[in-house]
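See structure below.
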Amino acid sequence: MVNVKTYVANVNSVYKHQPKYVLGHDSFEECDCIGMCKRALKMAGNSATGLSGTNYAARYTLKNFRKITSVKQLKLGDVVLKGRPYDPKEE
């Protein structure tokens with residue numbers, strides 16, 4: 001499991017490289033949406049194997065989610081991922 005703060009920092013690190021959008025890639029030079037997530041997770045030591053969507057990645061690899069109960073809790077630029085509590089029995 002990867003801490004949300006680490007994950008977001010790693011996504012920002014990938015973004016700073018301004019990778020070219022290339023479907024199916026997950027490098028600093030070329031990536032697609034899930035590729036950026038995979039690269040961020042790999043940077044944190046997660047294999048990211050089998051991940052097929054950004055919400056799936058968040059649901060099964062991130063910990064320390066903050067529950068959003070109102071749009072008033074959000075500010076411009078926030079990233080919202082759909083998640084649920086971690087259940088180790090699902091691994």
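Please read these numbers as outputs of a predicted model, since none were measured by experiment.
- Under the 4.5 Å side-chain criterion, counting only non-hydrogen atoms from C-beta, V11 is in contact with M36.
- For T69, the side-chain hydrogen bond (donor to acceptor under 3.5 Å, both in side chains) criterion is met by Q73, not counting sequence neighbours.
- Looking only at side-chain heavy atoms (C-beta outward), V14 and P19 come within less than 4.5 Å of each other.
- Scored by the salt bridge (Lys or Arg N to Asp or Glu O under 4.0 Å) test, K75 finds D78 as partners (sequence neighbours excluded).
- Applying the side chain to side chain donor-acceptor pair (under 3.5 Å) test to every pair with at least one member in residues 18-30, sequence neighbours left out, gives these pairs: H25-E30, D26-K42, S27-E29.
- Under the side-chain contact (heavy atoms from CB on, under 4.5 Å) criterion, V2 pairs with T6, Y7, L41, A44, N46, L62, sequence neighbours left out.
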Chi angles and distances behind the side-chain contact (heavy atoms from CB on, under 4.5 Å) call for I68, L74:
CA-CA 8 Å; I68 303 295; L74 300 173; 4.0 Å; yes

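- Taking every heavy atom of both residues into account, M43 and S13 meet most closely at CE-OG, 3.7 Å.
- Here the SG atom belonging to C33 is positioned 9.5 Å from the CG atom belonging to L23, to the nearest 0.5 angstrom.
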